[in-house]
Amino acid sequence: MGQRRAILLEDDVALRDLLLEALDGEGYAVRACETFEEIHDAAKGKEADIAIADFWGGSQRTLPDSDRQEIRELCSYLPVILLTGRTWAAETSAEELGACALIRKPFDLDFLLKTVAAAVPDRQS
């Protein structure tokens, strides 16, 4: 089985570092992206098996809530798990955006890792 690959977009440095370590521990090669454009290009270029991305729209380092079509396009390239700490996100569903899951912060790390594992198909060498 080949190594699974993930791309990560998270603006909270401590959370990003925690996710990088946890995903690495689960056997993922993880590329941390700095901007939406970077994660979009990586997804479009088939550089990953899954994307995990902060979603709220207030930072260059998060997915833009204001353009849900761009989020749906990202989700068309690969499975996407969206993370959010915003209360208004309760009004948004993963299905509405085309994502595998929309996980509200704070979250249980084991739950996130199980969600990632369920979304990523096994890779064959």
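We use all heavy atoms of the structure for the numbers below, so side chains are in, but hydrogens, waters and symmetry mates are not.
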key: Evaluation steps, side chain to side chain contact (heavy atoms under 4.5 Å, CB included), between L20 and D24   = CA-CA 6 Å; L20 286 168; D24 180 65; over 6 Å; no
request  = Please answer whether the main-chain N or O of E96 pairs with a side-chain N or O of R72 as donor and acceptor at a distance below 3.5 Å.
outcome  = yes
ask   = Taking R16 for the side chain and E10 for the main chain, is one N or O donor matched with an acceptor at less than 3.5 Å?
value = yes
Rounded distance [0.5 Å steps], [atom1] in [X] versus [atom2] in [Y]:
X	Y	atom1	atom2	value
I81	I50	CD1	CD1	4.0 Å
K46	Y77	NZ	OH	8.5 Å
L19	L112	CG	CG	6.0 Å
L102	L83	CG	CG	8.5 Å
F36	I71	CZ	CD1	6.5 Å
L8	L15	CG	CG	8.0 Å

Student check: side-chain heavy atoms of L109 and L18 closer than 4.5 Å =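 L109 reaches L18 side chain to side chain.
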query = Do I39 and E34 come close enough that some side-chain heavy atom pair is under 4.5 Å?
reply = no
Greater than 12 external heavy atoms within 6.0 Å of [X]'s [atom1]:
X	atom1	result
F107	CZ	yes
E21	CD	no
K114	NZ	no

message = Out of the candidates K44, E37, E38, only one should pair with H40 under the side chain to side chain contact (heavy atoms under 4.5 Å, CB included) rule; please name it.
response =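 So, applying the side chain to side chain contact (heavy atoms under 4.5 Å, CB included) to H40 and each of K44, E37, E38, only K44 qualifies.
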message = Name the residue from V80, L97, L9 that meets the side chain to side chain contact (heavy atoms under 4.5 Å, CB included) definition with L74.
response =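 Of V80, L97, L9, side chain to side chain contact (heavy atoms under 4.5 Å, CB included) with L74 is met by V80 alone.
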message = What verdict does the side chain to side chain contact (heavy atoms under 4.5 Å, CB included) test give for V116 and L23, after you've listed the backbone C-alpha separation in whole Å, the side-chain angles of each residue and the deciding distance to 0.1 Å?
response = CA-CA 9 Å; V116 169; L23 290 164; 4.3 Å; yes
ask   = Between D54 and K105, does at least one N-O distance fall below 4.0 Å, as a salt bridge requires?
value = yes
query = Considering all heavy atoms of both residues, which atom of P79 and which atom of C100 are nearest to each other, and what is their separation?
reply = CB-SG, 3.4 Å
Considering all heavy atoms, the nearest C75-G98 contact =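 That would be CB-O, 3.2 Å.
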request  = Check the pair E47 / R5 against salt bridge (Lys or Arg N to Asp or Glu O under 4.0 Å), numbers first and verdict last.
outcome  = CA-CA 7 Å; E47 296 176 29; R5 305 162 301 154; over 6 Å; no
task = Check step by step if salt bridge (Lys or Arg N to Asp or Glu O under 4.0 Å) holds for R4 and D49.
result = CA-CA 6 Å; R4 297 167 294 178; D49 302 304; over 6 Å; no
